[in-house]
Amino acid sequence: MISVTARARFSSNVLTGRGARVYESAVVPREFYARPAAEVARDLVGKILVHGGVAGRIVETEAYLGTQDRAAHAWRGPTERTRVLFGPPGHVYVFLVYGMYECLNLVAEPDGVAGCVLIRAAEPVTGLDLMRRRRPRAVRETDLASGPGKLTMAFGIHRRLNGADATRGPVRVHWPVAGEPFDIDATPRIGIRHCADWPLRFVMRGNPCVSR
DNA sequence: CAATAGATCATCT
DNA sequence: GATGATCTATTGC
């Protein structure tokens with residue numbers, strides 16, 4: 001395991017509006033995503049994911065590269081399915097895995113270059129009641145979004161959102177407001193056969209919402 | 001607690 | 001026709 005020290009900060013108490021909960025910090029801009037996917041993946045740890053009336057702090061990500069990464073959907077080049085991976089950064093790539101679960105990705109790299117970041121887990125921040133309704137099987141609060149499929153369920157993210165702009169659309173990523181510094185560990189990616197030893201998975205050290 | 005099977009379908013061979 | 005960037009329940013020690 002390779003460790004990386006992050007100077008980023010997080011917020012555990014996010015502000016709420018009256019009635020509807022609103023996340024008020026600035027949205028992460030498109031330039032943030034127009035960098036190598038591994039950097040974007042590392043830097044997304046600690047950011048706030050917002051959709052469907054809930055918000056959570058991203059605690060686990062994975063980078064998927066382009067044609068050189070055999071584990072990535074984009075490795076063969078653009079197809080109808082992987083079109084958005086080759087498009088402009090800061091958009092959302094949602095696909096169905098194992099016939100049953102959705103996976104949420106954020107497109108990285110400049111326009112024309114493939115690369116994305118799988119959002120694997122988040123720590124619930126607001127809308128816990130809604131998340132529980134969407135994930136009745138979850139017993140512990142830390143398991144509401146502790147995996148790629150669980151996360152999309154808890155956030156109400158469906159593949160019809162594929163291609164949406166994460167800087168303007170319904171799915172958004174915000175900067176954290178304030179909080180304690182944390183460390184980030186880099187480990188091999190989960191559940192793949194090719195390139196299984198590349199350290200492209202990034203986790204917030206010690207966070208209980210990371211997947212197993 | 002660890003290992004395993006079953007559910008279920010879009011995409012690509 | 002096979003193959004997954006998974007989750008959950010169940011079995012077995």
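Labels below follow one simple rule: chain letters A, B, ... track the order of the sequence lines, proteins then strands, and each chain is numbered from 1. Predicted model only: the values in this text are computed from it and were never measured. Just so you know, these numbers use all the heavy atoms, side chains as well, and skip hydrogens, waters and symmetry mates.
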Test item: A:H174 side-chain N/O and A:S25 main-chain N/O as donor-acceptor pair under 3.5 Å
yes

At under 4.0 Å between heavy atoms, what does A:I192 touch on the DNA or RNA strands: base, sugar-phosphate, or nothing?
sugar-phosphate

I want to check one thing: is the phosphate of C:dT6, taken as OP1 and OP2, less than 4.0 Å away from some side-chain N or O of A:R212?
no

What is the nucleic acid contact for A:R189, judged by heavy atoms within less than 4.0 Å: base, sugar-phosphate only, or nothing?
nothing

Taking the six-membered ring for Trp, are the ring centroids of A:H73 and A:Y64 within less than 6.0 Å of each other?
no

Strictly distance-based, threshold 3.5 Å: is any side-chain N or O of A:T152 a donor or acceptor partner for the main-chain N or O of A:I157?
no

Figure out the CG/C1' separation between A:L144 and C:dT6, and round it to whole Å.
17 Å

In whole Å, what is the span from the CD atom of A:E60 to the C1' atom of C:dA5?
11 Å

In whole angstroms, how far is the P atom of C:dA5 from the CG atom of A:L85?
13 Å

Outermost nucleotides of DNA chain B that come under 4.0 Å of a non-hydrogen atom of chain A
B:dA7 to B:dT13

Would you call A:R120 and A:E62 a salt bridge, taking side-chain N to carboxylate O under 4.0 Å as the test?
yes

Distance between the C1' atoms of B:dA10 and C:dT8, in whole angstroms?
22 Å

Strictly below 4.0 Å, N to O, side chains only: are A:D143 and A:R212 in salt-bridge contact?
yes

Mind calculating the distance between CD (A:E102) and P (C:dC7) to the nearest angstrom?
12 Å

Protein-nucleotide distance (A:I119, atom CD1; C:dT6, atom P), rounded to Å
14 Å

In this structure, which one of A:D43, A:V117, A:V40 forms a side-chain contact (heavy atoms from CB on, under 4.5 Å) with A:Y33?
A:V40

Rounded distance (Å) that lies between atom C1' of C:dT6 and atom CG of A:L151
13 Å

Determine which nucleotide pairs with B:dG6, using a 3.5 Å limit on both distances of a Watson-Crick or G-U wobble pair.
C:dC7

How does each nucleotide of nucleotides 8-13 of chain C score, in 5' to 3' order, for protein heavy atoms under 4.0 Å: base (B), sugar-phosphate only (S), or none (-)?
SS----

Need one value for A:G149: base, sugar-phosphate or nothing, where a base atom within 4.0 Å counts as base even if backbone is also close, heavy atoms only.
sugar-phosphate

With a 4.0 Å cut-off on N to O distance, would you call A:R30 and A:D111 a salt bridge?
no

Does A:R35 qualify as a cation-pi partner of A:F32, given the criterion of NZ or CZ under 6.0 Å from the six-membered ring centre and within 45 degrees of its axis?
yes

Rounded to whole angstrom, note down the P distance from B:dT13 over to C:dA5.
14 Å

State whether a side-chain donor-acceptor pair under 3.5 Å links A:E60 with A:S211.
yes

